[in-house]
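So the structure is just underneath, and the comments pick up after that.
From a predicted model like this one, the values you see are computed outputs, not experimental measurements. Numbers for residues simply follow the sequence, beginning at 1.
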Amino acid sequence: MTAPATATTTSVIVADDQPVVRRAFAAILDAQPDLTVAGTAADGAEAVRLAHAVRPDVALMDIRMPEMDGIEAVRRIVADLPTRPIMITTFDLDDYVYDALAAGAAGFLLKDVTAASLVEAVRVVARGDALLAPKVTRRLIAEFARRNRRAPRAPDGTPLTPRETDVLTLIARGMSNAEIAAELVVSEHTVKTHVARLLAKLGLRDRTQAVVHAYETGLVRARTGETWE
């Protein structure tokens with residue numbers, strides 16, 4: 001492994017019960033000049049202990065692991081740390097993916113991900129964005145969130161403003177702040193302000209949870225990505 005991360009590098013831990021997968025992912029990430037692997041774990045409980053010990057920027061986590069599964073591990077990690085987890089799954093229709101995202105994961109990847117996509121995913125999540133690139137992510141969120149549709153409101157019942165609703169809808173479509181700014185003909189700074197306010201108002205951790213919320217409330221149609229009339 002490389003030396004401890006500096007202010008210019010992103011620290012990562014890798015948790016997977018398959019040694020070959022764990023070592024391969026760690027080697028790919030540790031070979032990047034801007035990434036450093038701070039440790040690896042073979043199960044969820046070990047991943048939680050490791051995360052608290054090294055406080056990584058990103059945690060690459062398998063969903064199905066012994067001792068403690070990845071979902072519970074993520075729940076415990078994000079409860080205490082600013083670490084942003086990326087879930088790894090073997091199947092693109094894994095029933096646990098929605099629960100993982102709701103628990104606080106910043107996104108997920110399939111285990112057959114290419115090396116380049118793996119590296120880019122860690123970079124995307126490390127800078128605070130949601131990992132929505134794999135098209136299956138939104139399909140899964142849509143599938144499992146259809147069970148709960150309600151108007152998007154803050155915990156105290158306050159509805160979003162029309163502009164905040166527009167921004168949330170576009171976030172759910174996978175748009176970046178720059179793309180949202182172009183769509184709404186406003187500055188990127190204005191979009192960032194709206195995003196921060198709606199996340200705070202809805203009590204959400206990040207953009208990934210905002211996407212889950214948008215599907216849960218029916219603001220975005222399942223599968224089609226079209227907004228409700």
Considering all heavy atoms, the nearest G39-L50 contact: C-CD2, 3.5 Å
Check this for me: does any side-chain nitrogen of one of R64 and D69 sit under 4.0 Å from a carboxylate oxygen of the other? no
Return the OG1 to CG distance between T40 and D16, rounded to the nearest 0.5 Å. 10.0 Å
Would you find a donor on one side and an acceptor on the other, under 3.5 Å apart, between the side chain of D30 and the backbone of V37? yes
Any non-hydrogen side-chain atom of R127 less than 4.5 Å from a side-chain atom of T10? no
Evaluate the side-chain proximity of V186 to V191: yes if any heavy-atom separation is below 4.5 Å, no if none is. yes
Under 4.5 Å between any side-chain heavy atoms of T9 and L35, yes or no? no
With heavy-atom distances below 4.5 Å as the criterion, would you say the side chains of T83 and R55 are in contact? no
Side chain to side chain contact (heavy atoms under 4.5 Å, CB included) filter on V113, not counting sequence neighbours, yields F25, L109, S117, L118
Decide yes or no on side-chain hydrogen bond (donor to acceptor under 3.5 Å, both in side chains) for D57 and S11, but give the supporting numbers first. CA-CA 5 Å; D57 299 307; S11 61; 3.2 Å; yes
Show the numbers, then the answer: is there a side chain to side chain contact (heavy atoms under 4.5 Å, CB included) between D80 and H52? CA-CA 8 Å; D80 300 321; H52 281 84; 3.0 Å; yes
Heavy atoms only: give me the nearest L199-A210 pair and the separation to one decimal. CD2-CB, 3.9 Å
E164 meets the side chain to side chain donor-acceptor pair (under 3.5 Å) criterion, sequence neighbours left out, with T161, K201
Do I88 and M61 have side chains that approach each other closer than 4.5 Å (heavy atoms only, starting at C-beta)? no
Exercise: identify the closest heavy-atom pair between E67 and A45: CB-CB, 4.3 Å
Count I, L, V, M, F, W, Y as connected when their side-chain heavy atoms are under 4.5 Å apart, and connections chain through other members. Are L160 and I180 then in the same cluster? yes
In V122, V14, V119, the residue satisfying side chain to side chain contact (heavy atoms under 4.5 Å, CB included) with I28 is V119
Flag if over 12 foreign heavy atoms under 6.0 Å of CZ, R123: yes
Does one side chain, of S187 or T190, offer a donor that lies under 3.5 Å from an acceptor on the other? yes
Atom CD1 of I71 and atom CE of M87: how far apart are they, to the nearest 0.5 Å? 6.0 Å
Nearest 0.5 Å, please: how far is OG1 in T169 from CD in E183? 10.5 Å
Just one of E188, H189, R207 clears the side-chain hydrogen bond (donor to acceptor under 3.5 Å, both in side chains) bar with N177, so which one? R207
Looking at every heavy atom in both L198 and L168, which two are closest together, and how far apart are they? CD2-N, 4.0 Å
Can a salt bridge be assigned to the pair E46 and R49 using a cut-off of 4.0 Å between side-chain N and carboxylate O? no
Compare all side-chain heavy atoms of M68 with those of R76 and state whether any distance is below 4.5 angstrom. yes
I want to check something: taking the side chain as every heavy atom from C-beta on, are H213 and L202 in contact at a cut-off of under 4.5 Å? yes
Under the 3.5 angstrom rule, does the side chain of R84 hit a backbone N or O of V125 as a donor-acceptor pair? yes
Looking at every heavy atom in both V74 and G104, which two are closest together, and how far apart are they? CG1-C, 4.0 Å
Lys/Arg-Asp/Glu bridge criterion (N-O < 4.0 Å) met for D62, R22: no
Below 4.5 Å, heavy atoms only, C-beta onward: do V12 and P56 meet side chain to side chain? no
Shortest non-hydrogen separation from A47 to A15 and the atoms involved: CB-CB, 3.7 Å
Working to the nearest 0.5 Å, report the span between CG of L60 and CG of L29. 6.5 Å
Distance from L184 atom CG to D166 atom CG, nearest 0.5 Å? 6.0 Å
